[in-house]
Enquirer: 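Handing you this structure, nothing more for now.
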Amino acid sequence: MKQTMIDLTENYVFDQLNSDASGHDWFHIDRVRKLALHIAKEEKRGNAFIIEMAALLHDIPDDKLNDVVEAGWDKLNGWMQDLKLDDASKKAILAIIRTISYSSGQRDLPSIEAEIVQDADRLDAMGAIGIARTFAFGGKMGQPMYDPGLPVRENMTKLEYRNGKSSSVHHFHEKLLRLEELLNTSTAKTIARERHEYMVGYLKEFYKEWDVRL
Ligand code: ADP
Ligand code: NI
């Protein structure tokens, strides 16, 4: 029964995000699901069904992927209704998805399942994949790859984070390099170390080539 729900959800999410070109495609979702289940297994904590469902559905109501935010939440609620998911599971999954995003700025998470799915989503924002996703997203938004004249923004409201003038390289300083310290579980922190160092090395090389230091 639970496996059927997961399989159906997998097909649904695949159809919804298959053609995304902003780094929030189906393969991102699949990696987050795998990372989250791996973390749960290592930590020996969390309800695997809730974790897998929340990981699969976490970007369905994302404000970046829906012109109208409410429409995204309606889609998510509608899907869980169609599945005839029980109320407790629905509530747990909604609470996770509502709280885990970086842009929500929320620090206190409602459950260990939320901590694990957030860690998985954040790990996929780091390392080689994280770099690729950032330039893909920046290109899709039409923002410059890098603009040395722009300041690095420290404290931003959600609106400023989303709409302020920035560049993809700025996004490393404004978010990606901060993620390692914000992770919840020690399993994720261990995985993050290599990904963080990789980004630091990448930026060093980027600035070297940008400045034509030979
Ligand atoms: P969350 O889904 O946790 O709220 P975001 O929506 O901020 O996180 O970002 C998800 C991914 O989209 C980031 O990891 C990054 O790759 C990309 N992204 C978001 N905002 C920007 C930006 N301003 N410039 C470049 N990439 C961005
Ligand atoms: Ni995501």
Side-chain angles (χ1 to χ4, degrees), residues 5-33 36 50-111 113-115 117-122 124-125 129-130 132-144 153 155-168 170-171 174-176 179 182:
M5 286 196 191
I6 288 169
D7 293 345
L8 288 169
T9 301
E10 193 176 311
N11 288 339
Y12 169 72
V13 176
F14 180 85
D15 285 344
Q16 292 286 322
L17 300 179
N18 191 15
S19 57
D20 174 89
S22 74
H24 297 81
D25 51 75
W26 160 251
F27 299 101
H28 161 64
I29 305 298
D30 195 33
R31 287 190 301 270
V32 171
R33 177 243 301 256
I50 298 295
I51 289 172
E52 188 160 7
M53 289 293 285
L56 285 171
L57 290 166
H58 82 273
D59 272 336
I60 292 292
D62 194 293
D63 63 309
K64 297 183 293 310
L65 307 177
N66 290 284
D67 294 335
V68 183
V69 183
E70 288 73 26
W73 289 102
D74 288 348
K75 256 196 288 184
L76 175 62
N77 278 309
W79 174 250
M80 293 198 293
Q81 203 75 35
D82 289 352
L83 270 186
K84 300 196 172 40
L85 204 58
D86 64 282
D87 280 347
S89 299
K90 247 191 277 185
K91 221 173 126 197
I93 292 166
L94 274 176
I96 295 172
I97 298 178
R98 211 179 293 122
T99 49
I100 61 169
S101 92
Y102 186 76
S103 49
S104 84
Q106 183 157 336
R107 284 299 178 94
D108 295 320
L109 296 180
S111 60
E113 288 82 5
E115 291 182 14
V117 178
Q118 183 181 67
D119 278 2
D121 196 23
R122 289 184 167 174
D124 205 53
I129 294 276
R133 291 182 65 217
T134 297
F135 287 109
F137 186 88
K140 176 118 198 217
M141 288 206 310
Q143 93 183 350
R153 301 168 299 166
N155 295 307
M156 294 163 276
T157 62
K158 176 161 181 172
L159 208 65
E160 286 163 347
Y161 175 65
R162 282 282 183 249
N163 302 325
K165 217 166 147 30
S166 189
S167 79
S168 294
H170 279 67
H171 192 66
E174 291 174 355
K175 173 183 174 189
L176 306 182
L179 290 176
L182 295 173

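In what follows, residues are counted from 1 in the order of the sequence shown. Below, each value reflects all heavy atoms present in this structure, side chains not excepted, and no hydrogens, waters or symmetry copies.
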Enquirer: Yes or no on salt bridge (Lys or Arg N to Asp or Glu O under 4.0 Å) for Asp87 and Lys90, after CA distance, side-chain angles and deciding distance?
Expert: CA-CA 5 Å; Asp87 280 347; Lys90 247 191 277 185; 3.6 Å; yes
Enquirer: What residues, two or more places apart in sequence or in another chain, satisfy ring-ring contact (aromatic ring centres under 6.0 Å, His included) together with His170?
Expert: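 With neighbours one apart ignored, the set is Tyr146.
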Enquirer: Got a sec, which residues hit side chain to side chain donor-acceptor pair (under 3.5 Å) with Asp20, two or more places apart in sequence or on another chain?
Expert: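 Expected list: Ser22.
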Enquirer: Who passes side chain to side chain donor-acceptor pair (under 3.5 Å) against Lys91, sequence neighbours left out?
Expert: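 In terms of side chain to side chain donor-acceptor pair (under 3.5 Å), with neighbours along the sequence ignored, Lys91 is linked to no residue.
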Enquirer: Could you check if a side-chain atom of Glu113 sits within less than 4.5 angstrom of a side-chain atom of Met53, using non-hydrogen atoms only?
Expert: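 The answer is no; the side chains never approach within 4.5 Å.
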Enquirer: Residues two or more places apart in sequence or in another chain: which of them pass salt bridge (Lys or Arg N to Asp or Glu O under 4.0 Å) with Lys175?
Expert: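 Per chain and number, Lys175 pairs via salt bridge (Lys or Arg N to Asp or Glu O under 4.0 Å) with no residue.
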Enquirer: Among all residues two or more places apart in sequence or in another chain, which pass the salt bridge (Lys or Arg N to Asp or Glu O under 4.0 Å) test with Asp82?
Expert: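 Per chain and number, Asp82 pairs via salt bridge (Lys or Arg N to Asp or Glu O under 4.0 Å) with no residue.
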Enquirer: My understanding is that only residues two or more places apart in sequence, or in another chain, count here; which of them pass side-chain contact (heavy atoms from CB on, under 4.5 Å) with Asp86?
Expert: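 Applying side-chain contact (heavy atoms from CB on, under 4.5 Å) to Asp86 gives Ala88, Ser89.
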Enquirer: Under the side-chain contact (heavy atoms from CB on, under 4.5 Å) test, which residues partner Ile129, sequence neighbours left out?
Expert: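 Listed in chain order: Arg31, Asp124, Arg133.
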Enquirer: Among residues at least two apart in sequence or on other chains, which ones pass side chain to side chain donor-acceptor pair (under 3.5 Å) with Asp67?
Expert: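 None.
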Enquirer: For Asp62, is there any backbone N or O sitting under 3.5 Å from a side-chain donor or acceptor partner on Asn66?
Expert: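 Yes; judged by distance alone, with no hydrogens or angles, the pair exists.
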Enquirer: For Ser101, enumerate each residue passing the side chain to side chain donor-acceptor pair (under 3.5 Å) test, keeping only those at least two apart in sequence or located in another chain.
Expert: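 Per chain and number, Ser101 pairs via side chain to side chain donor-acceptor pair (under 3.5 Å) with Ser103.
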Enquirer: Quick one: list whatever passes salt bridge (Lys or Arg N to Asp or Glu O under 4.0 Å) with Glu174, sequence neighbours left out.
Expert: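 With sequence neighbours excluded, Glu174 shows a salt bridge (Lys or Arg N to Asp or Glu O under 4.0 Å) to Arg153, given in chain and number order.
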Enquirer: Among all residues two or more places apart in sequence or in another chain, which pass the salt bridge (Lys or Arg N to Asp or Glu O under 4.0 Å) test with Glu52?
Expert: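 For Glu52 the salt bridge (Lys or Arg N to Asp or Glu O under 4.0 Å) partners, ignoring immediate neighbours, are Arg33.
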Enquirer: Name all residues meeting the side-chain contact (heavy atoms from CB on, under 4.5 Å) criterion together with Ser168; count only those two or more places apart in sequence or in a different chain, and write none if there are none.
Expert: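 Once residues adjacent in sequence are excluded, the partners of Ser168 under the side-chain contact (heavy atoms from CB on, under 4.5 Å) criterion are Thr134, Phe135, Gln143.
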